[in-house]
Amino acid sequence: MTAGRLRFALALALVLLLEALSRFGVIDRFAMIPPSEILWHLGKILSGGEMWPAIGKTLTNVAMACIAAIIVGVILGTLIHGWRSLRETLDPLFAAYYAIPVYAFYPLFIVIFGLGDVPQVLIGFMLALVAVIVNTLNGLDRVPRVLIKTARIQRLGPLATALKITLPYAVPYIFTGVKLAVAYSFIGVIGAELIMSRTGLGYEIGFAYNNFDNAVMYPLIVLVLAIAATVNTMFFLWEKKMLARRRK
Amino acid sequence: MSEVHVALRGVTRVFPATAAQREVRALGPIDLDLMRGEFFVVVGPSGCGKSTLLEIIAGLNRPTEGAVTLEGNPVAGEVPEGIGVVFQEDASFPWLTVTDNIAFGLRQTALDKAEIATRVDHALRLMGLTDFAAAYPVQLSGGMRQRVCLARTLVQRPRVILLDEPFGALDQQTRFLMGDELLRLWRDSGATVMLITHSLDEAGMLADRIGVMSARPGRMLEIIETRWGEERGSRVVATPRFGEITARLWQLLRDESQRAMAGA
Ligand SMILES: Nc1ncnc2c1ncn2[C@@H]1O[C@H](COP(=O)(O)OP(=O)(O)OP(=O)(O)O)[C@@H](O)[C@H]1O
Ligand SMILES: [Mg+2]
């Protein structure tokens, strides 16, 4: 637990340093406001209630992108794993996938799907999807042959084998993909909102930035950080609990 | 014990050449009848094709030539109903508790919950796993995990039980105890058992008949009848007959093992 405490102390020291630098005028108020003021403004924004629709919208879109990517990714991963020639065709594409700037397609999505939520969700989904597929494939590759033989002895068909043997075995690996999917969904959705949408936290941050409104921009950035950190911690604890049964 | 249960005729297995390896003639030709209700033990030098033979009987692996029949029906690359296998490698499911591992096969059937629970409890007791019912495989020793796999197979009450060195990870004493336990289960179930083992003692004390295999490609060199009746297991280890059997096994296998080592 000492490493955890050290981390906390480090974070606290950084915040205090920022506070001091801002208070003594080393950091310009136009560049950044002191952390204590950020928190105070954040409290005001949250209690004022005008930001809740934006927060709700962003979280809903992130959740939709993420959940869709996990479901579709696991299904596609399982199908691709069972289909050898398709796998050999796609493997190099997966490897190159994250070299593609998905945001470049954003204007195209807007032309096709309009200015609603679909383009943002689609960006988050596309960023997250391949991480889930790749990690599902990795997990399925690691299933010991003797477990496949056991499935055949139990006379399970392909679907039952996937649901009852190979996917459960692969869960810890798939989970790595899920954690990435969560991160990529946040990045995708908030990034898309920031660039070209009229709603959501990303849009509000961008709006505040364009109006030099640091009293809104910084609190919202901190809010995004806090949400991401909370979700990440939740998944981390869940993973730890799950792995405790599987590993010594 | 006069009816043929499993029949192999001219069975061979050749693994075709791959980029990494030349063609391997792993097995046969083998002609063999397993009689209904008998305890058949297979011994043979390492790599002679014992596991391949087991997989062919189970329908996991197709013979290159020849045919296998179970209860008169051909087994061809499709696992027939009524066969149970315990593999040489650990096949426990790491994401399930010991109880859920053992119940796995039964839960694929229409059997009602109470019956499943009864059978699983009974198996836990027989295998000495009651205290570990809620444990996960990672918390068990290798020998205990193998017992979980054995229990998972036995609770399904297969008519043919194929065992690939299930006690490989156990010490001599525990091996003998498990051997006695296996004999009791076999008698109660009336199943036909084929057990693969490296231990000549185990072969000598458990079997009705012992099939001794040659070095690769494995053929049946000789089939030894033990002529044990009810009286067998660790109790017969001190008898002269047991000494004769293991001496004969040793004699047959010494040359073959040398040949296997030279060929490897
Ligand atoms: N899938 C496979 N592809 C290619 N060769 C194989 C395959 N399975 C087995 N072999 C080869 O067939 C031969 C017999 O293997 P098998 O596992 O049946 O031997 P075994 O008698 O069970 O050995 P052990 O006593 O060490 O368990 C070995 O030479 C092995 O390398
Ligand atoms: Mg083997």
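Chain identifiers are assigned alphabetically (A, B, ...) following the order of the sequence lines, protein sequences preceding nucleic acid strands; residue numbering begins at 1 within each chain.
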Exercise for the section: Specify which of B/Val79, B/Ile83, B/Thr97 makes the most heavy-atom pairs with chain A at under 4.5 Å. Expected result: B/Val79
Problem - Enclosure of A/Tyr98 OH (heavy-atom neighbours >12, cutoff 6.0 Å) - result: yes
Practice task
Answer yes or no: is there a donor N or O on one side and an acceptor on the other, between the side chain of A/Arg152 and the main chain of B/Leu60, under 3.5 Å?
Solution key: yes
Exercise for the section: Count the heavy atoms of every other residue, nucleotide or ligand shown that sit under 6.0 Å from OH of A/Tyr169, and state whether that count exceeds 12. Expected result: yes
Exercise for the section: For B/Arg9, look at atom CZ and say whether over 12 heavy atoms of other residues, nucleotides or ligands are found less than 6.0 Å away. Expected result: yes
Exercise for the section: Could you tell me whether the side chain of B/Phe104 reaches within less than 4.5 Å of the side chain of A/Gln154, counting heavy atoms only? Expected result: yes
Exercise for the section: In plain terms, say whether A/Arg155 and B/Glu78 are close enough for a salt bridge, that is, a side-chain N and a carboxylate O under 4.0 Å apart. Expected result: no
Problem - Minimum heavy-atom distance B/Gln108-A/Leu156, with the two atoms named - result: OE1-CD2, 3.7 Å
Problem - Proximity breakdown for B/Glu55 and chain A, heavy-atom pairs closer than 4.5 Å - result: side chain
Handout entry: 4.5 Å side-chain heavy-atom contact, A/Pro168 and B/Phe93
Key = no
Exercise for the section: Report yes if the side chains of A/Thr150 and B/Arg152 come closer than 4.5 Å at any heavy-atom pair, otherwise no. Expected result: yes
Practice task
Heavy atoms only: give me the nearest B/Ala91-A/Val146 pair and the separation to one decimal.
Solution key: CB-CG2, 3.8 Å
Handout entry: Atom of A/Lys164, atom of B/Trp95 and distance for their closest heavy-atom approach
Key = O-CZ2, 3.2 Å
Handout entry: Which portion of B/Thr153 sits near chain A, non-hydrogen atoms under 4.5 angstrom
Key = neither
Handout entry: CZ (B/Arg187) with more than 12 external heavy atoms under 6.0 Å
Key = yes
